[in-house]
Amino acid sequence: MDMNLRSRGKWRGAALAVLLTAGTLTAAAPGARADGARTETPVTSTSPVTGVTESVVRVKVPLPQAAGPRPAACDWLSYLRYRSADGPAASADADRILIAQPGILEGAGAFDGVARNTVARAAEQGLNIEFWALDRRSNCLEDRTGIASGDQHTAVDYYYRGKQVDGRTFDGFAPDSRLGWMARLGIEQTVRDQYDLLAAEVPDQAQRKRKVLCGGHSLGGVITGYFATADFDGDRTTTADAGHNQCAGYFALDTTVATSLADLSGSLPDDTNLPDIGLGHGVIQAGLDSGVLSRTLSAPVLLNPETMTLLAIAGLGALKDLDGEVDLPRYLPSNLNIEATNRFLFSKDTAAFLAGTPSVKDFRLTNGAVLGALLDDNSVPLAFLQTSVGFFDGGPIADKSFPVANGGAQRPGLYGTAYKAIPDRPHGPLYTWRTYDRVGDPDDPGHRSADGTPFTGPGEEVTDIRQLARSLAEQPLDFTEQYFPTKLVTDLQMSTAPQVKKLVVHPQGLKANPVLTVLAGEGLLAGRVPPELHPVVADGYQHLDVLTAAAEQNDGRPEPVSTSLAAFARSPR
């Protein structure tokens, strides 16, 4: 905490905020930069996992002045705080605190399922834990007003037709020209933000070392690796501020705790505007500073702020009326980005992609079928966007051979290994969605590929599509990330560059604490993690399932990711 708050007339409010969450007031942590301002707002959820309290917390941690002009909201850090409803109100009184870094193009809302399941599982065992799902600083640019309306048409009108919601008008998706301050949001600022947030919320370093478990999903494992090896007071001879001394242990969700992207290459989409890493670090930084290189990782179609917003809008429909017929494809405005994205995701083959017919507008679909088409592993071709939420129902199904044919080019990593399917009767029956727990039921037609391979089975379906919809549309912080800093990935891809290597001040930090590694059985790292890490493997899971899976699985077993996290939190340190 900044003790100069006394002279700014904010002492009482800041002290109260810290006391409410940390229990005791102590001197500032070495090198910490939070100014003491804090808000916490309860979040209402329709989740069936009861006994868990959620709130959104915002802590003011200003960027250095050298960052340049930015929205005032971007001088705050945010996270979703989950805790047992019967547990202590103060974070410092919890038995454990799990703090989770999101993956690429991912926000705090993605952790809703695993956070609730883990807190509830621990509470069943008499352990009061908290789960903090972090948002990256750049998520300050997102406007959730339209999604928060709870209505698809209202959201579309807000984001695309200039209509107001609660007296507010959407300011548009931010152009790169307004994002100069993001040119320096790399790995150094990312791990610094985590340290400053921890130091503000749990001021006692001894408590942090005893109670906090640091980890993340996908790219979050690599960020955790850099956090573990970082130094935050500028003096490598002092270690109270070292990253590994803020954590009692590390956890990795379909990732590894490391300072290399080597194992996660499949998590990076090939069609983004990531610069050629053959350039030197200084050249890339100059390009980001000048705007010659885009400050955010995006693509002309499929992966950009507009299409990420569409995922949340689709989630709204599924959350409100899963089995109702949708008009969203026809209600959306027609523009190149939306039309090309629809073609990419909903084309049966290359001919349909090129011709644009039949299109998604030619099919009768429920809200559940639309959301499943966007994010299920039997539909979406990109592995890092895949969940196992069930299968199409209600009509004939065909193989989806675009962009990759079934049974041939699939590989762990970019496309995943699940066979892809698509509705096959335009202007025909109403296509519905068979939820994960109804796959394999007596009334399941058991669709097969043209080569006779079943598209799916009950052992491969693990996530309730309603939970996926809640994560997308019910959270105050996004499931997806609209403005991912390019510099964060270029830093990590250039881990051998002197400017990045210097951040690894305490390399022993990687092995200074126990590690829990949990892998999706069909995820990005399937078969690629060294056995000496003794990973827990969640069979049938895809990359996002480790965050979204239902509390009870089809074979009656408890959900393995949250069960492993709860056990890890319970083990002595």
Side-chain angles (χ1 to χ4, degrees), residues 47 49-54 79-84 87 91 94-103 106 108-134 194 198 208 210-221 223-225 227-228 246-257 387 462-463 467 471 513-521 523 525 529 533-553 557-573:
S47 172
V49 180
T50 58
V52 178
T53 296
E54 179 189 0
Y79 69 96
L80 295 176
R81 180 191 180 203
Y82 297 86
R83 61 185 179 87
S84 174
S91 296
D95 295 311
R96 286 278 190 268
I97 300 169
L98 283 68
I99 183 168
Q101 282 280 354
E106 188 173 276
F111 288 94
D112 183 67
V114 70
R116 290 181 184 278
N117 290 346
T118 303
V119 170
R121 191 78 65 207
E124 292 171 358
Q125 301 163 6
L127 194 70
N128 288 310
I129 71 170
E130 296 199 5
F131 193 111
W132 296 1
L134 300 181
Q194 179 171 335
L198 271 173
R208 297 198 294 274
R210 186 170 66 253
K211 295 189 175 187
V212 175
L213 301 175
C214 304
H217 173 241
S218 192
L219 193 73
I223 294 171
T224 299
F227 182 83
Q246 318 309 310
C247 314
Y250 312 127
F251 61 93
L253 305 179
D254 210 33
T255 183
T256 57
V257 176
T387 56
V462 302
T463 290
Q467 173 57 43
S471 295
N513 296 303
V515 182
L516 170 67
T517 302
V518 183
L519 299 182
L525 302 185
V529 170
L533 292 180
H534 305 292
V536 174
V537 178
D539 294 330
Y541 281 44
Q542 296 290 350
H543 187 54
L544 290 180
D545 288 320
V546 297
L547 306 182
T548 60
E552 183 174 321
Q553 295 295 283
R557 63 177 175 157
E559 198 282 307
V561 179
S562 54
T563 298
S564 299
L565 286 170
F568 189 59
R570 189 175 64 251
S571 59
R573 298 286 179 268

- Message: Assess the residue pair L533 and V515 against the criterion (side-chain contact (heavy atoms from CB on, under 4.5 Å)); give the C-alpha distance rounded to whole Å, side-chain angles, the decisive distance to 0.1 Å, and a yes or no.
- Response: CA-CA 8 Å; L533 292 180; V515 182; 5.8 Å; no
- Within the distance-only criterion (no hydrogens, no angle test), does the side chain of R121 pair as donor or acceptor with the backbone N or O of T563 below 3.5 angstrom? no
- If only atom types and distance count, is the side chain of D95 paired as donor or acceptor with the main-chain N or O of L127 below 3.5 Å? no
- One should read off an interatomic distance between C247 SG and N513 CG, to the nearest 0.5 angstrom, of 6.5 Å
- Considering all heavy atoms of both residues, which atom of V536 and which atom of S564 are nearest to each other, and what is their separation? CG1-OG, 3.5 Å
- Message: To check you understand the geometry: which heavy-atom pair defines the closest contact between A122 and A566, and what is its length?
- Response: N-CB, 3.9 Å
- Item | Side-chain touch F568/L213, heavy atoms, less than 4.5 angstrom | yes
- Could you tell me whether the side chain of R96 and the main chain of R210 form a donor-acceptor pair under 3.5 Å? yes
- Message: Within the 4.5 Å heavy-atom criterion, are Q101 and F227 side-chain neighbours or not?
- Response: no
- Task: Could you pull out the closest heavy-atom pair between I99 and F251, with the gap in Å?
- Result: O-CZ, 3.6 Å
- Query: What's the shortest heavy-atom distance between A94 and E130, and which atoms?
  - Reply: CB-CG, 4.0 Å
- Note on the structure: Separation between CG (L98) and SG (C214), nearest 0.5 Å, reads 9.0 Å
- Message: Check this for me: does any side-chain nitrogen of one of E54 and R81 sit under 4.0 Å from a carboxylate oxygen of the other?
- Response: no
- Item | Under 3.5 Å: donor-acceptor pair, side chain of S218, backbone of G103 | no
- Can you tell me how far the CD atom of Q194 sits from the CG atom of L134, to the nearest 0.5 Å? 5.5 Å
- Message: So, taking the atom named OG1 in T517 and the one named OH in Y250, what distance separates them when rounded to the nearest 0.5 Å?
- Response: 12.5 Å
- Message: If I compare all heavy atoms of I223 with all of P102, which pair ends up nearest, and what's the gap?
- Response: CD1-O, 4.4 Å
- Message: Between N117 and V114 (side chain of the first, backbone of the second, donor and acceptor by atom type, cut-off under 3.5 Å), is there such a pair?
- Response: no
- Item | pair W132-I97: side-chain heavy atoms closer than 4.5 Å | yes
- Heavy-atom check, side chain of V462 versus side chain of Q553, under 4.5 Å: yes
- Do R557 and E552 meet the salt-bridge criterion of a basic N to acidic O distance under 4.0 Å? no
- Query: Do the side chain of Q542 and the main chain of D545 share a donor and acceptor less than 3.5 angstrom apart?
  - Reply: no
- Note on the structure: Result for side-chain contact (heavy atoms from CB on, under 4.5 Å) between V546 and one of T255, T463, V561 points to V561
- Item | Donor-acceptor pair, side chain of D254 and main chain of A520, under 3.5 angstrom | yes
- Note on the structure: Distance col, row Y541:OH vs L253:CG, nearest 0.5 angstrom, shows 11.5 Å
- State, with a plain yes or no, whether a side-chain heavy atom of E106 is found less than 4.5 Å away from one of L219. no
- Message: T118: which residues meet the side chain to side chain donor-acceptor pair (under 3.5 Å) condition with it, sequence neighbours left out?
- Response: none
- Task: Kindly compute the distance separating OG (S471) from CG (D112), expressed to the nearest 0.5 Å.
- Result: 4.5 Å
- Message: When you measure from the side chain of H217 to the backbone of F111, do you find a donor-acceptor pair of N or O atoms at a distance under 3.5 Å?
- Response: no
- Is the shortest heavy-atom distance from the side chain of Y82 to the side chain of T53 under 4.5 Å? no
